[in-house]
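Atoms considered below: every heavy atom in the structure, side chains included; atoms not considered: hydrogens, waters and symmetry mates.
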Amino acid sequence: MKTRLIFTFFFSIVGMLGMAQEKKEAKEAKKVQEKYKPNFMVGLDVLNAGVSFFSDRVLYQGFISSKVKGNVHAIAEAGFEKNVYQKNGYDAKASGPFVKLGAFYMLAKDLENEFNGFYAGGKIGGAFYNQEYMAVPVRGFGGSASSVAFPSSSQTSAWLEGTLGGRVQLFESNFYIDVNLQPKYLVYTSKQDDITPMIVPGFGRSSAKFNMGFAWNIAYKF
């Protein structure tokens, strides 16, 4: 009788330990599963890429964004731009890669899909590019007009960029249309012989510090 009670008690303890271990493993597996939930989106600017085939401006850019917390999303963009500037006696060209890092906030979103809606945010952009001046206007003797050429050189620029746009899901797929406006302000640029750059890849073609960009993206949500 005592032997039977001892065995019964022993197997009961083993069974309880086994159940506790199973619950612990299931809980840990659930935590891992809940911890990793892909919520990032990758997009490509198809509008500017398409226009590049019919314009002097060649611009390829894309982005990756991810929900951080609540309505806040982090975003990173990268691209390549090649462009020319031929105006007011200037003849210049520039090309190179650029990157942008920032975040945006969903101002309004669909109750059934939090990735549908309107957003606003900001980014910091930077470009590392090569530029060349084939002609820069200068005043000659007696007020006559002439031009000077400068060789190719490496330059760096940085800017602040706002973003205001919206996203909408294509039917019930993982594809989205993402459209946004990008007001920009140039905060820093290196100069070649004190000449303000006429083209900054990622910022655009402008002799002023303010500029406006536009992107029409096709995105895929993972």
*Please assess N180 against Y119 for the test side-chain contact (heavy atoms from CB on, under 4.5 Å), listing each intermediate value before the final yes or no.*
CA-CA 9 Å; N180 60 78; Y119 60 84; 3.4 Å; yes
Minimal non-hydrogen separation, [X] against [Y], with atom names:
X    : Y    : result
Q182 : A215 : NE2-CB, 3.6 Å
G96  : P201 : O-CB, 3.5 Å
P137 : G89  : CD-O, 3.5 Å
Q169 : N116 : N-OD1, 2.7 Å

*Working for side-chain contact (heavy atoms from CB on, under 4.5 Å), residues Q131 and F150*: CA-CA 9 Å; Q131 71 176 19; F150 293 90; over 6 Å; no
_For F40 and F222, take the angle between the two ring planes, folded into 0 to 90°, and tell me which bin it lands in: parallel under 30, tilted 30 to 60, perpendicular over 60._
parallel
Could you give the distance from [atom1] ([X]) to [atom2] ([Y]), rounded to the nearest 0.5 Å?
X    : Y    : atom1 : atom2 : answer
Y185 : W159 : OH    : CH2   : 14.5 Å
Y129 : K93  : OH    : NZ    : 15.5 Å
F118 : L164 : CZ    : CG    : 9.5 Å
K221 : M41  : NZ    : CE    : 7.0 Å
M106 : E114 : CE    : CD    : 8.5 Å
Y188 : K209 : OH    : NZ    : 12.0 Å

[X] side-chain N/O to [Y] backbone N/O, donor-acceptor pair under 3.5 Å:
X    : Y    : result
D110 : E112 : yes
S157 : A127 : no
R205 : M198 : no

What pairs of donor and acceptor atoms, side-chain ones from residues 69-83 against any protein atom, are under 3.5 angstrom apart with sequence neighbours left out?
{"from": "N71", "atom 1": "OD1", "to": "K109", "atom 2": "NZ", "distance (Å)": "2.5"}
{"from": "N71", "atom 1": "ND2", "to": "Y105", "atom 2": "OH", "distance (Å)": "3.3"}
{"from": "E77", "atom 1": "OE2", "to": "K123", "atom 2": "NZ", "distance (Å)": "2.5"}
{"from": "E81", "atom 1": "OE1", "to": "G202", "atom 2": "N", "distance (Å)": "2.7"}
{"from": "E81", "atom 1": "OE2", "to": "R57", "atom 2": "NE", "distance (Å)": "2.9"}

*Identified side-chain hydrogen bond (donor to acceptor under 3.5 Å, both in side chains) counterpart of N130 within the set S153, S95, S154*: S154
*With sequence neighbours left out, what residues match K87 under side chain to side chain contact (heavy atoms under 4.5 Å, CB included)?*
Y85
*Which is it for N217 and Y176 under the side-chain contact (heavy atoms from CB on, under 4.5 Å) test, yes or no, and what are the steps along the way?*
CA-CA 8 Å; N217 305 287; Y176 288 74; over 6 Å; no
[X] and [Y]: same hydrophobic cluster, using ILVMFWY side-chain contacts below 4.5 Å?
X    : Y    : result
F203 : L59  : yes
V168 : F175 : yes
F171 : I177 : yes
F214 : I218 : yes
V138 : Y133 : yes

*Heavy-atom distance under 4.5 Å between the side chains of Q192 and P151, does that happen here?*
yes
*Can you tell if the side chain of K100 reaches within under 4.5 Å of the side chain of F63, non-hydrogen atoms only?*
no
*Regarding R167 and the six-membered ring of F115, is the cationic atom NZ or CZ under 6.0 Å from the ring centre and inside 45° of its axis?*
no
*Output all residues satisfying salt bridge (charged side-chain N to carboxylate O under 4.0 Å, His left out) with D91, sequence neighbours left out; order by chain, then residue number.*
none
*Has L170 got more than 12 heavy atoms of other residues, nucleotides or ligands less than 6.0 Å from its CG?*
yes
_Checking V42 against I64 for the side-chain contact (heavy atoms from CB on, under 4.5 Å) test, could you report, in this order, the C-alpha distance in whole Å, the side-chain angles of both residues, the deciding distance, and whether it holds?_
CA-CA 4 Å; V42 177; I64 178 169; 4.1 Å; yes
